[in-house]
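Taking it in order: structure first as structure tokens, then the write-up.
Order of the sequence lines sets the chain letters (A, B, ...), proteins ahead of strands, with each chain counted from 1.
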Amino acid sequence: GNSVTQMEGPVTLSEEAFLTINCTYTATGYPSLFWYVQYPGEGLQLLLKATKADDKGSNKGFEATYRKETTSFHLEKGSVQVSDSAVYFCALRGGKLIFGQGTELSVKP
Amino acid sequence: GAVVSQHPSWVICKSGTSVKIECRSLDFQATTMFWYRQFPKQSLMLMATSNEGSKATYEQGVEKDKFLINHASLTLSTLTVTSAHPEDSSFYICSASTAGGPNDEQFFGPGTRLTVL
């Protein structure tokens, strides 16, 4: 069946550091891929998405590229801010949404 | 826009009692609502999908007699955990979409933490 694996957290970075959160998936067919973010005390919010191979999703300085050959959808940001501290979930949809386990990011000033 | 609320945000109950969790779409009509369960350090697992006015569709392994879902209006769905036991302690999250298709965007509530003593 379909599954998503993302790197374990917590990840702690200093402000302005480069961020990568790895995400790989297993799926039949051609699923859509997503990154969701959950800020403390709030619901999950869609951060970005890509619907086909080689698509790049981007939002708020974050970006991720749908890599079919490596079945990956790694999240990157060039310069993180304290306000980026949250839990990030990678997900795929081939019918229903399937989530990775989440990666907690903590950015220190 | 597209705000989903849940109530309560946390609840503690005694073993054997029933607990009701509400999920509301505040500024849109939700044709479809989803209920997820999340264990610590684990991913969200879909429990069931409900369409307004219809019976919920439960995922394999989810006891429909234990987790009662009612989607009585386009803005409200409820999840009732009946005869709760400590193993039901978890974080329950709902989401809602404006249309019925599996490819429509889901908007998530903030979650409800249930602790059963």
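- B/Leu114 and B/Met45 are members of different hydrophobic clusters when ILVMFWY side chains are connected at heavy-atom separations under 4.5 Å.
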Stepwise side chain to side chain contact (heavy atoms under 4.5 Å, CB included) test for B/Gln38 and A/Phe89
CA-CA 12 Å; B/Gln38 185 182 26; A/Phe89 292 90; 3.4 Å; yes
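- Between A/Lys96 and B/Glu59, at least one side-chain nitrogen of the basic residue sits less than 4.0 Å from a carboxylate oxygen of the acidic one, meeting the salt-bridge criterion.
- By the neighbour-count criterion of 12 heavy atoms within 6.0 Å, atom NZ of B/Lys64 is sparsely surrounded, having that number or fewer from other residues, nucleotides or ligands.
- No part of B/Phe39 comes within reach of chain A, as not one of its non-hydrogen atoms sits under 4.5 angstrom from that chain.
- In the hydrophobic clustering of ILVMFWY residues, with side-chain heavy atoms under 4.5 Å counting as a link, B/Trp35 and B/Val81 come out together.
- Here B/Phe108 contributes atom CZ and A/Leu97 contributes atom CG; the two are 5.5 Å apart, rounded to the nearest 0.5 Å.
- Tracing side-chain contacts under 4.5 Å through hydrophobic residues (I, L, V, M, F, W, Y), one never reaches A/Phe34 starting from A/Tyr25; they form parts of separate clusters.
- Under the 4.5 Å side-chain heavy-atom criterion for Ile, Leu, Val, Met, Phe, Trp and Tyr, A/Val11 and A/Val107 are members of the same hydrophobic cluster.
- The heavy-atom pair separating B/Ser43 from A/Gly100 by the smallest distance is CB-O, 2.8 Å.
- Rounded to the nearest 0.5 Å, atoms CG (B/Leu44) and OH (A/Tyr36) are 10.0 Å apart.
- For A/Gln38, the part lying near chain B is the side chain, with the backbone staying farther off; criterion is any non-hydrogen pair under 4.5 Å.
- No path of Ile, Leu, Val, Met, Phe, Trp and Tyr side chains, each step under 4.5 Å between heavy atoms, connects B/Tyr36 with B/Leu76, placing them in separate hydrophobic clusters.
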